[in-house]
Student: 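So that we are looking at the same thing, I have put the structure below in structure tokens.
Per chain, numbering begins at 1; letters A, B, ... match sequence-line order.
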Amino acid sequence: MSDKSNGKVSQNDKKRLSSPDVETPMKRVKTEDGDDSKPAEYNKYLAHWETGDGGWDSKYKGNGSGFSDRLPKGSPLAHFERRKTTAKQAFEAENGDNNPFTGEPHSQQYFNILKSRRNLPVHKQRQEFLDLYQKSQILVFVGETGSGKTTQIPQYVVYDELPHLSRKLVACTQPRRVAAMSVAQRVADELDVTLGEEVGYSIRFEDKTSSKTMLKYMTDGMLLREAMHDHDMSRYSCIILDEAHERTLATDILMALLKQITRRRPDLKLIVMSATLDAQKFQRYFYDAPLLAVPGRTFPVEIFYTPEPEKDYVEGAIRTVLQIHAGEDEGDILLFLTGEEEIEDTCRKISLEVDELVRETDCGPMTVYPLYGTLPPHQQQKIFDLAPPPLKKGGRPGRKCIVSTNIAETSLTIDGIVYVVDPGFSKQKIYNPRLRVESLLVSPISKASAQQRAGRAGRTKPGKCFRLYTEKAFKEELIEQTYPEILRSNLANTVLELKKLGVVDLVHFDLMDPPAPETMMRALEELNYLRCLDDEGELTALGGLASEFPLDPSLAVMLISSPEFYCSNEMLSITALLSVPQIFVRPAQKRREADEMKNLFKHNDGDHLTMLNVYHAFKGVLNRGEDARTWCHKHYLSFRHLSSADNVRAQLKRIMETQGLRLVSTDFNDKNYYINIRRALVTGFFMQVAKKEKDRVYRTLKDNSQQVMLHPSTVLQTEYDWVLYNEFVMTSKHYIRTVTGIKPEWLLELAPAYYDIDSWDGQKDVKLALKAVADKMRRRAAMKGGH
DNA sequence: GATAGCGCT
């Protein structure tokens with residue numbers, strides 16, 4: 001709020017970054033590159049400034065405000081010139097008996113790993129990398145799978161950035177938490193340091209860094225969060241955006257932000273790492289930055305197309321898997337499908353067919369595993385089990401077949417896959433700004449995606465990929481790249497973030513792929529109704545507060561308003577429950593039992609309150625020290641998702657406290673206990689309201705009013721004329737899911753701007769109904785006033 | 001009367 005960006009690192013930041021117990025020379029000196037705006041700590045001639053005090057520690061100590069500027073005695077790095085080092089210097093420093101950063105003797109494991117690191121393709125180009133890195137502020141780096149870029153490049157940077165001199169960190173972003181964690185661990189091992197000390201990671205719910213940390217792996221979303229309070233990213237001397245080709249929302253915003261920041265901060269370096277051949281697009285975007293390409297280490301994959309288009313891709317996929325199993329050499333199979341149900345179904349069918357094949361021919365055995373994101377982790381782990389052995393000695397070898405969603409395209413790597421079956425579809429998010437609805441649609445994949453899938457067959461030896469579409473279709477019908485997420489999303493949250501990031505002119509904010517103006521308009525409009533932006537489009541106090549929460553604006557506004565309704569404790573729980581996957585479990589075979597159990601928690605006013613009942617019961621079980629896992633299982637509830645809601649709730653609660661928002665409840669015996677909660681729901685969801693037309697059929701109000709059905713999962717009976725919903729689901733029909741009954745008076749009272757009757761542009765009968773409600777309210781007020 | 005791809009704060 002006060003940290004308006006002025007294009008310079010503030011004096012406060014500099015103080016914070018320098019060591020408090022050492023007087024740092026802050027006088028400005030002319031440096032070689034002619035930039036005289038930097039303090040003396042950048043001057044290479046002062047690099048050894050503190051080496052004469054005789055106070056060397058064998059291990060440098062953190063000082064609580066940025067890592068120490070001290071190097072261990074005899075460290076070869078003492079003679080390095082920042083951003084002027086060579087691969088040879090680094091090579092020799094790495095060969096030393098002692099760790100140049102900690103002074104500790106190197107372990108045997110270190111030297112073993114060092115040997116394998118030097119076999120990575122990227123190692124040969126270390127000097128070439130340094131040459132480009134040193135002469136350019138921005139660098140685009142293309143490395144295919146197996147090049148070692150994610151682990152090696154950040155280390156090369158550290159050896160050249162010399163964080164003890166810059167007193168700034170090197171950051172490397174990842175789209176996924178697991179990647180940030182596992183790569184950080186690997187690199188800590190490679191550098192022979194303890195994870196969380198010199199090398200750390202930072203993800204939601206876990207900050208494993210310390211004052212010693214010089215290299216930090218983090219999720220892209222985490223860096224974006226940090227930037228909200230440090231618009232210049234002044235803690236970092238170099239930022240590496242990894243997996244940029246995935247084009248996540250956060251990466252796209254970070255790219256645009258960093259494109260601006262690098263102009264304000266000439267000392268900040270940026271490396272954009274990508275795996276595709278689409279690198280020219282990144283180069284062009286970043287002012288024709290130099291490009292370095294490193295070959296990967298994969299095996300060739302032979303591609304086969306079907307001669308004719310497939311009528312039914314699932315059936316074609318099953319047939320292909322069986323043909324591979326019957327006729328091809330040893331090696332595991334990976335089949336890409338689109339969703340949980342399709343995958344479970346297909347797994348069953350393949351298993352049955354294989355049983356028959358084994359009975360009738362000399363085929364080996366085959367185990368089939370499903371794989372998708374909502375599968376519990378221990379079941380996901382099963383895909384790494386070895387293929388089954390031959391049925392009898394000397395028989396044909398067994399194999400495993402994994403039937404997976406897109407999760408196996410990027411997030412999970414399975415070694416040993418030799419055959420990939422690619423029907424060419426995946427579920428993709430689509431945003432319809434006219435209806436303000438995000439939905440999932442089975443759509444053809446892109447060429448880049450098809451290549452990525454094929455590549456999964458060549459990780460351990462040459463493989464084969466069977467594409468269930470024609471070569472002509474591949475060439476002429478598939479788009480080059482999947483549309484980036486920013487073009488397929490509701491941008492309300494993104495626009496709020498950008499405002500908080502200090503982006504004033506959204507129209508000219510230089511995104512790599514600017515979204516449709518209509519989508520932008522919708523987001524601004526939504527934020528204005530939520531009072532996060534004022535009529536001039538400026539961030540309001542409420543908007544600033546809302547951006548502090550890792551939530552959609554409607555949920556954040558609801559939570560912030562809840563103390564006024566004396567129910568912030570309850571709204572914390574409801575918000576958390578709405579932020580995690582479905583807590584109700586409904587196995588295909590036991591639907592009736594599951595529904596019966598759900599009824600135990602049923603609240604007549606709707607699903608939000610029913611979920612709250614579940615959460616309270618869950619907490620009761622935890623507090624009594626009972627076995628919550630068993631309790632959940634018995635009640636057809638997801639222990640994992642309820643625990644995760646509990647975790648989210650704790651985080652939201654901390655933010656409430658630091659923002660000075662009161663945590664209050666209405667007395668449970670007060671008749672307003674549930675009314676207060678339902679009224680608080682309206683403050684965030686007044687735009688997601690439907691009015692009853694006939695039994696179980698409702699109609700949404702504004703925004704291309706749609707006829708909708710209550711989702712069959714709702715506990716709500718039909719007594720409510722007005723309902724509020726959390727989600728609009730477009731499948732075979734239009735459904736509203738997670739629904740709670742409300743009173744129309746609350747709409748007029750709590751969202752007067754949106755429910756302004758005179759300017760009403762929605763359904764006429766809704767307008768009349770609202771008018772009648774308004775008249776009734778006026779009469780009531782007049783009567784009250786009359787007494 | 002039921003159709004949640006993946007991921008992030």
Student: Say whether Tyr636(A) and Asp595(A), considering side chains only, have a donor N or O and an acceptor N or O under 3.5 Å apart.
Tutor: no

Student: In Å and rounded to the nearest 0.5 Å, what is the CD to CG distance from Glu526(A) to Leu533(A)?
Tutor: 10.5 Å

Student: Name the closest nucleotide to the Glu341(A) side chain, picking from dT3(B), dA4(B), dT9(B).
Tutor: dT3(B)

Student: In terms of side-chain heavy atoms, does Asp607(A) have a donor or acceptor partner in Thr738(A) at a distance below 3.5 Å?
Tutor: no

Student: Looking across every strand, which nucleic acid part, if any, lies under 4.0 Å from Pro175(A) by heavy atom: base, sugar-phosphate, or nothing?
Tutor: sugar-phosphate

Student: Touch check for Gln582(A), heavy atoms < 4.0 angstrom, all strands: base, sugar-phosphate only, or nothing?
Tutor: base

Student: Do Ser489(A) and Lys429(A) have side-chain N/O donor and acceptor atoms under 3.5 Å apart?
Tutor: yes

Student: In the structure I gave you, are the side-chain heavy atoms of Tyr313(A) and Glu342(A) within less than 4.5 Å of one another anywhere?
Tutor: yes

Student: With a 4.0 Å cut-off on heavy atoms, is Glu340(A) in touch with a base, just the backbone sugar-phosphate, or nothing at all?
Tutor: sugar-phosphate

Student: I need the CG-P distance between Leu371(A) and dA4(B), as an integer number of Å.
Tutor: 18 Å

Student: Look at Tyr372(A) and dA4(B) and indicate whether a side-chain polar atom (N or O) is within less than 4.0 Å of OP1 or OP2.
Tutor: no

Student: Report the distance from atom NE2 of His711(A) to atom C1' of dA4(B), rounded to the nearest whole Å.
Tutor: 10 Å

Student: Taking the side chain as every heavy atom from C-beta outward, state whether Gln379(A) and Tyr369(A) have any atom pair closer than 4.5 Å.
Tutor: no

Student: Across the strands shown, which category fits Ile407(A) at heavy-atom distances under 4.0 angstrom: base, sugar-phosphate, nothing?
Tutor: sugar-phosphate

Student: Any side-chain N or O of Arg591(A) below 4.0 angstrom from OP1/OP2 of dG1(B)?
Tutor: no

Student: Could you state the atom-to-atom distance from CD of Glu438(A) to P of dT3(B) in whole Å?
Tutor: 18 Å

Student: Assign Asp595(A) to base, sugar-phosphate, or nothing according to its heavy-atom contacts below 4.0 angstrom with the strands shown.
Tutor: base

Student: Which comes earlier along DNA chain B counting from the 5' end, the contact point of Pro712(A) or that of Leu440(A), where each point is its nearest nucleotide?
Tutor: Pro712(A)

Student: Just call it for Arg176(A): base, sugar-phosphate, or nothing, with non-hydrogen atoms closer than 4.0 Å on any strand.
Tutor: sugar-phosphate

Student: Which of these nucleotides, dT9(B), dG1(B), dA4(B), is closest to any side-chain atom of Met222(A)?
Tutor: dT9(B)

Student: Just the rounded figure in Å: distance from C1' of dG7(B) to CG of Asp252(A).
Tutor: 14 Å

Student: Any idea which of dT3(B), dC8(B), dG7(B) is nearest the Glu485(A) side chain?
Tutor: dG7(B)

Student: dC6(B) P sits how many Å from Asp220(A) CG, rounded?
Tutor: 18 Å

Student: As a test of reading the structure: which of dT9(B), dA4(B), dG1(B) is closest to the side chain of Glu727(A), going by heavy atoms?
Tutor: dA4(B)

Student: Measure from the side-chain heavy atoms of Thr731(A) and tell me the nearest of dG1(B), dA4(B), dT9(B).
Tutor: dA4(B)

Student: Can you measure Tyr201(A) atom OH to dT9(B) atom P for me and round it to whole angstrom units?
Tutor: 12 Å

Student: Taking atom C1' of dA4(B) as reference, at what distance in whole Å does atom CG of Leu577(A) sit?
Tutor: 17 Å

Student: Under 4.0 angstrom, heavy atoms only, what part of the nucleic acid is Leu249(A) near: base, sugar-phosphate, or nothing?
Tutor: nothing

Student: When you compare the side chain of Thr151(A) with that of Val183(A), does any pair of heavy atoms fall below 4.5 Å?
Tutor: yes

Student: Looking only at the side chain of Ser411(A) (C-beta and beyond, no hydrogens), which of the listed nucleotides dG7(B), dA2(B), dT3(B) gets closest?
Tutor: dG7(B)

Student: Tell me what Thr248(A) touches on the nucleic acid: a base, only sugar-phosphate, or nothing, going by heavy atoms under 4.0 Å.
Tutor: nothing

Student: Just the rounded figure in Å: distance from C1' of dA2(B) to CG of Asp607(A).
Tutor: 13 Å

Student: Does dC6(B) have OP1 or OP2 sitting under 4.0 Å from an N or O in the side chain of Ser426(A)?
Tutor: no

Student: dC6(B), OP1 or OP2 - any side-chain N/O from Thr405(A) closer than 4.0 Å?
Tutor: yes

Student: So Arg737(A), base contact, sugar-phosphate only, or nothing? Heavy-atom distance under 4.0 Å.
Tutor: base

